[in-house]
Amino acid sequence: MCGVVGIIGGKEAPFWAARGLYALQHRGHDSCGIAFINDDADQLEIHSGKGAVADVLSHKVTDGAVSNACIAQNLYTTFGLGHSPQPFGGSFWDEDGSKHHVALVHNGQLCGVDRLRRKFPSMYRSQSDSEVIFALLPHMKGETMLERITQLVSELEGAFSLVFLTKEGLIAVRDPDGFRPLVLGRDQENDAYMLASEVNAFDMMEGHFERDIKPGEIVHISHSGKITIDHIPSKRENLSQCVFEHIYFARPDNQLFGKPGYSTQKRLGTETAKEVKGIMEADVVVPVPDSATIASLGFAKEIGLPLEMGILRHHFASRTFITRGQGNRERAVRLKFNIVKDVVKGKRVVLVDDSLVRSTTSRILIKMLRKSGAKEIHMVLFSPHIQYSCVYGINTPTREELIAYKFDADSKRIAKEIGADSVTYLTKEGLEKAMEPNAHDYCYACMDGNYPIDDKSSLSQSIS
Ligand code: SF4
């Protein structure tokens, strides 16, 4: 899972792209980068590095960088595919001597990467599936870069929301299954078009949301603002939009897959409360900030208990789920949270969180709550058991690391393991109710094992 941004129009595209990327920092902080074509020098410039946007894309990079089009990405490294900052890009020459500049940013994860590497041999420098996309371009035929990219994306399978930077303009592509989001925005004052993984990036870029890039769409935006659209044919009846984007990743100040982020998260909490109403006895609902805060509003209202912010978060600490190494993750959790003792002391606490993946955060929070005097701790998750690895761009680890897989989705054993008095999960049926009216257009593979793409080679990377 990553955050991608594109902008075309105006003179300060790198400055605005960096601002949009800053708004998407929550989608990845392993590395980030930016690419633009320096029109005067006829050169493609790429600046990238490890770390957060504010550290890597300093004013030195973006101030004074005059360019009409720019792409940018925040990287969160996907399981097993190495760590290569994006954008990927470079120049290549055709046999007739014509020179092309191309760069791309990718959110998602391809299936069948080995098949592509065999079919299109090249000097691959990394394990990254995104590099494979870039390396395929010279193999494609076509008069224009748009024709080549249209041919290229029909070769791809899996999750890909892509933005290409070319001399012909920006080209946005979303896979026909619609796994990852990609949205189009506009800043009418400067006649600029914008692309981003999430709508909230447009607020930072002083633009507004126009529409989703539809699953399977190839949208070309020229330097003069002309838009042309082509399509990748779909092989499946339903879409496979990632339901985990709603549960964990996307910000609530957003419109995601056509649904308002805030009220969808609240509905997740409401459906969870409906399933435990009358069974659970407690004094106070405490959310794990920030990803469970909005859902907890719906949960507390439905169940009729007070909601209190019994856990506070230090906002300069990073998201633990996307931090590598168990030791690092544990230290990160302790740095990240603190308990408000007055809220939990002597109380039966319902601790609400989005999901249990490895359970690192919950285990430590429960210890901290007990130390602060909580009498009972009942953990409630507004997602079903995460029992399968994701192969479409979310770093849910090998099955052996998933606590629900380790304990056969037995909530009593899981509660004992993490030190809670009880653990309750939202059922798959409850989750589908929250996703109505188009619950069939979502992927739930990490919960039920029904992988929408039957590509055994990519599944074997994660599920042994
Ligand atoms: Fe999202 Fe899970 Fe499907 Fe991956 S497997 S795309 S995390 S719902």
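Only a predicted model underlies this, so the values are computations on that prediction, with no experimental measurement involved. One-based numbering, in listed order, for ligands and for the atoms of each. Side-chain atoms are counted along with the backbone in the values below, which use heavy atoms only and exclude waters and symmetry mates.
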Worksheet, complete the sentence: The single option from Tyr442, Tyr451, Tyr392 that satisfies ring pair (Phe, Tyr, Trp, His ring centres under 6.0 Å) with Phe179 is Tyr392

Fill in: Set of salt bridge (charged side-chain N to carboxylate O under 4.0 Å, His left out) partners for Glu198, sequence neighbours left out
Arg27

Response to the item:
Residue pairs passing the salt bridge (Lys or Arg N to Asp or Glu O under 4.0 Å) test with at least one member in residues 429-442, sequence neighbours excluded, are Lys428-Glu432

Worksheet item: Just wondering, are more than 12 heavy atoms of other shown residues or ligands nearer than 6.0 Å to OH in Tyr22?
Response: no

Worksheet, complete the sentence: The closest protein heavy-atom partner of atom 6 (S) of ligand 1 is Arg180 NH2, 3.4 Å

Response to the item:
Sorted by chain and number, sequence neighbours left out, salt bridge (charged side-chain N to carboxylate O under 4.0 Å, His left out) with Lys301 holds for none

Fill in: Heavy-atom pair with the smallest gap, counting every atom of Leu307 and Ser296
CD1-CB, 3.7 Å

Practice prompt. Below 2.8 Å of atom 1 (Fe) of ligand 1, tally up the protein N/O/S atoms for me.
Written response: 1

